[in-house]
Amino acid sequence: MSPMSRYDPAQIEPRWQQHWKEQGTFVATEDPEKPPYYVLCMFPYPSGSGLHVGHPESYTAVDIVARQRRMRGFNVLNPIGFDSFGLPAERAAQRENRHPAEITRERIDYFRTQMQRLGFSFNWEREVSTCEPDYYRWTQWIFLKLHEQGLAYLAEVPVNWCPAQGTVLANEEVVDGRYIETGDPVERRVMKQWMLRITAYAQRLLEDLEGLDWPEGVLEMQRQWIGRSEGALVRFEVEGGGEFKVFTTRPDTLFGATWCVLAPEHPLIGSITRPEQRQAVEAYVAQARNKSDMERQVAADKEKTGVFTGAYAVNPVNGERIPVWIADYVLSTYGTGAIMAVPAHDERDHAFARTFDLPIRPVYTVEGVEHDFSASAWPGDGRAINSGAFDGMSVSEFKAAILAWLEERGLGERQVNYKLRDWLFSRQRYWGEPFPIVHTADGGVHPVHPSDLPISLPHVDAYKPTEDGQPPLARAEDWLHTSWQGQPATRETNTMPQWAGSCWYYLRYMDPHNTELPFGQDKVAYWKQVDLYIGGVEHAVLHLLYARFWHKVLYDCGLVPTKEPFQKLFNQGMILAWAYRESGGRYHAPDTVERRPGQLSTIVSAWTGLPVETDWYLKGAETPVEEKLGKMGKSLQNSVDPLEIVERYGADTLRIYEMFMGPLEQVKPWQTSGCEGIHRFLSRVWRLFVDDQTGETRPFGTTSPEVKKALHIAIKEATEGIEQLKLNTPVAKMMELVNACKGEAPAREEALAFVLILSPWAPHLAEELWQRFGHDRSLSTEPWPAWDPAALSGDSMTIVLQVMGKRRGELEVPRTASKEEILALARQDPQLTRFLEGQQIKKEIYVPGKLVNLVVG
RNA sequence: GCGGACGUGGCGGAAUUGGUAGACGCGCUAGAUUCAGGAUCUAGUGGGCAUGCGCCCUUGGGGGUUCGAUUCCCCCCGUCCGCACCA
């Protein structure tokens with residue numbers, strides 16, 4: 001060991017990283033003697049730009065939990081891997097004319113280098129990468145299970161086609177008519193695609209949310225996405241032949257239905273439209289078809305559009321003849337694609353009635369409320385009117401009664417509907433899992449035998465569609481043509497979406513090198529499920545819903561023992577960074593600008609187009625720039641590379657700063673200068689135990705009562721903080737402890753306890769000190785210290801003295817002092833006398849161990 | 001529009017079965033040490049008046065409950081996130 005006087009993480013950290021690697025300190029084995037604990041951070045997509053300082057936030061939090069659980073005697077699984085199929089690598093492959101596998105491996109290597117320099121106690125021996133054949137072989141295997149269960153099917157469906165990406169996208173990937181990743185516009189097309197029947201699991205996906213320790217917001221988002229609603233399916237006959245069904249959650253308003261509306265895609269339109277309306281209807285349907293999703297959604301705020309078919313339907317409850325319209329405010333993909341319109345009690349129908357001057361008939365009144373039905377709908381409860389024998393009922397009474405009435409007469413039935421739709425599972429891309437499916441000339445669709453897996457990705461001459469529009473895999477002629485039971489056959493040329501690999505990676509980590517199965521039953525029986533899953537809230541719906549779905553299918557196949565994959569979920573808040581932009585729009589990196597307090601300029605904001613005041617300027621120039629907080633990335637020129645921080649301050653400083661910034665779940669701005677304080681803190685810790693002149697380990701001292709108290713407070717805060725993932729305040733308590741030491745090392749016992757509680761946050765420094773204290777083994781399995789409740793408060797306590805609720809002084813009394821003694825002292829305390837003079841004490845309040853409040857008057 | 005989270009010094013944040021508001025840190029100011037330092041140490045740092053002890057104000061704004069409110073209740077303002085014609 002070279003002599004080192006000052007705290008020098010560049011010397012300490014690589015050595016301990018090497019030590020952990022060589023000793024296999026964090027290798028996880030299935031030890032039946034120890035309770036298992038499975039922590040997991042959402043694995044990264046290895047992008048071309050490497051990690052930025054936002055990534056280590058969740059890794060650090062997970063690592064702190066993992067390290068502390070090991071010290072508490074748990075057998076910890078803390079794996080890591082890479083979500084490595086996907087579009088960005090394929091686009092890079094097109095640009096650079098290289099194989100995406102090669103590009104991906106390089107990127108993974110860089111990610112791994114970055115991550116390993118941060119000292120995480122990952123199970124690197126279990127690393128997986130979803131694009132490797134020994135991984136995707138089992139993704140294909142699970143697909144075969146889904147297929148076998150009837151949950152994967154081919155269908156001719158309207159899809160979200162993204163011309164810029166040359167592929168279809170799932171509904172979940174499209175927001176406002178654009179691809180969420182790139183913002184490219186999306187249009188509708190009808191294509192034959194692989195679908196997964198996630199809707200078959202809708203009810204269970206909803207029900208099993210109960211009992212999960214997840215953030216309320218995520219549970220709510222999942223519930224809304226599944227979108228269960230109870231109602232009725234009601235049959236309407238069309239005059240002159242034909243019938244359609246509508247779904248309604250308000251069958252109790254059937255008597256108020258004054259027309260019906262079919263979605264423009266409804267199959268009945270052709271047959272019921274009257275000749276005199278045909279031209280108008282066809283024009284409307286064509287126009288609706290050509291509208292993009294975005295245009296349709298924008299139109300939601302505008303005036304409703306629609307066209308009358310000329311046909312009439314019969315209201316089953318009263319035999320009334322009501323017109324049938326077509327309008328694009330009715331969605332073809334929800335319910336039956338047809339509705340009954342009750343303008344008096346539904347806002348949307350009311351808006352339509354106003355536009356086309358259709359009749360509005362109330363079927364509820366509210367006592368004491370004079371509602372103007374020509375102005376707005378009344379969606380609430382009331383007393384039924386205009387509804388024959390049902391008059392006088394409340395909404396819930398009426399619903400029950402009318403459902404029974406409809407079912408008795410065969411006019412309708414109870415129905416539960418979900419917003420959730422089946423999952424579009426095909427992509428027309430190269431860089432994804434090939435489907436283990438072949439097609440024969442007779443139209444047969446056949447799963448390949450599991451022993452033939454993996455169906456490997458073939459080499460192709462270009463990562464783009466064929467001349468006739470087939471997906472890239474169709475370019476691999478040799479691969480494409482195969483046989484099935486003696487017949488010539490062609491392979492499926494679609495690939496799976498990026499979500500596929502991440503649907504089950506947490507299971508593969510349990511048994512990553514199994515060549516017979518995706519994971520062994522003994523392994524999954526031991527680890528069971530993920531105890532704690534930490535990741536970004538951006539996966540609240542898509543990834544978590546898909547993974548839960550696959551997990552339930554595997555559960556039904558008897559392959560996993562639990563119904564749910566992730567028992568506790570925690571969302572870390574995104575780390576943002578300040579971005580600086582000239583009025584003209586150019587961005588500047590944070591280290592090229594400076595603040596000049598008092599020197600204000602007014603510029604036109606490139607973001608809003610409005611004038612703003614700023615005191616930020618380009619360094620060495622008079623160019624003012626506007627400051628704004630944003631997501632880290634290339635576009636805002638505000639990314640910070642963790643390695644840059646490691647070089648300057650060390651990995652321990654980076655780790656602690658990421659935690660110290662604020663509550664884990666909160667969005668917070670990165671400030672590199674904040675690392676200074678952490679680095680100072682760690683230097684102080686170093687100097688407490690190491691002579692910074694000689695580099696020698698200093699002898700232990702004695703522990704003062706204040707230090708002892710501060711230590712036990714810190715142990716308590718660290719222990720409870722890790723339990724609740726409040727990882728910022730323990731750092732503050734450890735700083736207070738070090739401040740309390742006033743540069744003097746405490747006694748051995750307290751020094752050891754301090755280093756142990758520091759170790760999850762600053763593992764390198766802690767190991768170094770631990771070794772200097774004379775240990776020859778890593779501290780990673782040393783028992784976690786316990787706090788002594790008696791040490792939390794000293795022999796005396798501080799009582800705050802208040803008069804009329806205002807703080808007027810304080811009192812130091814022995815712990816043993818009684819309420820009477822304390823009150824007596826308070827009454828004659830010199831700090832209070834001038835507030836008590838001439839006043840009578842009306843009330844005395846004593847909060848044990850905390851304060852006295854004297855009420856006078 | 002609906003749902004969720006939130007609003008505390010120049011900045012990040014701490015403190016909620018109601019009990020010392022501003023812990024801890026950044027930044028800033030002054031001083032010490034140093035050839036020098038993005039080094040280290042000491043002191044100060046919410047605002048105002050006094051600058052002696054002290055007093056008043058202050059947790060987005062307004063009201064309420066209470067001996068006492070950042071914490072509980074009502075109204076308003078603002079920010080962020082998710083969903084958005086789902087019948």
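Numbers restart at 1 for each chain; the letters A, B, ... are given by sequence-line order, proteins then strands.
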A:Phe255 and A:Phe398 aromatic ring geometry - parallel, tilted or perpendicular at 30°/60° bounds: tilted
Residue whose closest nucleotide on RNA chain B lies nearer the 5' end, A:Thr336 versus A:Val537: A:Val537
Sugar-phosphate only, base, or nothing, as touched by A:Pro663 at under 4.0 Å among non-hydrogen atoms: sugar-phosphate
Whether A:Tyr329 and A:Phe352 hold their rings parallel, tilted or perpendicular, with breakpoints at 30° and 60°: tilted
Residue A:Gln224, side-chain atoms from C-beta onward, closest of B:rG13, B:rA87, B:rC83: B:rC83
Sugar-phosphate, base or nothing in reach of A:Arg808, heavy atoms under 4.0 Å: sugar-phosphate
A:Asp346 side-chain proximity, nearest of B:rA87, B:rA39, B:rG19: B:rA87
A:Thr248 side-chain proximity, nearest of B:rG13, B:rA87, B:rG68: B:rA87
Test item: A:Asp381 side-chain N/O and A:Val395 main-chain N/O as donor-acceptor pair under 3.5 Å: yes
Nearest listed nucleotide, side chain of A:Arg687, among B:rG19, B:rU40, B:rA87: B:rU40
Closest to side chain of A:Val847, choosing from B:rC26, B:rG19, B:rC24: B:rG19
Of A:Glu220 and A:Arg680, the one whose closest RNA chain B nucleotide lies more 5': A:Glu220
Per A:Arg807 side chain, nearest of listed nucleotides B:rA39, B:rC85, B:rU20: B:rU20
Complementary nucleotide for B:rA15 - Watson-Crick or wobble, under 3.5 Å: none
Sugar-phosphate, base or nothing in reach of A:Lys726, heavy atoms under 4.0 Å: sugar-phosphate
Aromatic ring pairing A:Tyr580/A:Trp616, orientation class (parallel under 30°, perpendicular over 60°, tilted between): tilted
Touch class at under 4.0 angstrom, heavy-atom based, for A:Asn417 against every strand present: nothing
Selected nucleotide, minimal atom distance to A:Glu676 side chain, candidates B:rG38, B:rU20, B:rG25: B:rG38
Touch class at under 4.0 angstrom, heavy-atom based, for A:Arg684 against every strand present: sugar-phosphate
Proximal nucleotide (of B:rG12, B:rC24, B:rU20) relative to the A:Leu851 side chain: B:rU20
Within 6.0 Å of CD in A:Glu812, more than 12 heavy atoms from elsewhere: yes
Donor-acceptor pair under 3.5 Å, A:Lys842 side chain vs B:rC67 base: no
Sugar-phosphate, base or nothing in reach of A:Lys850, heavy atoms under 4.0 Å: sugar-phosphate
From B:rG82, B:rC67, B:rA14, nucleotide with atom closest to A:Lys843 side chain: B:rC67
Closest to side chain of A:Met735, choosing from B:rC24, B:rG82, B:rA14: B:rC24
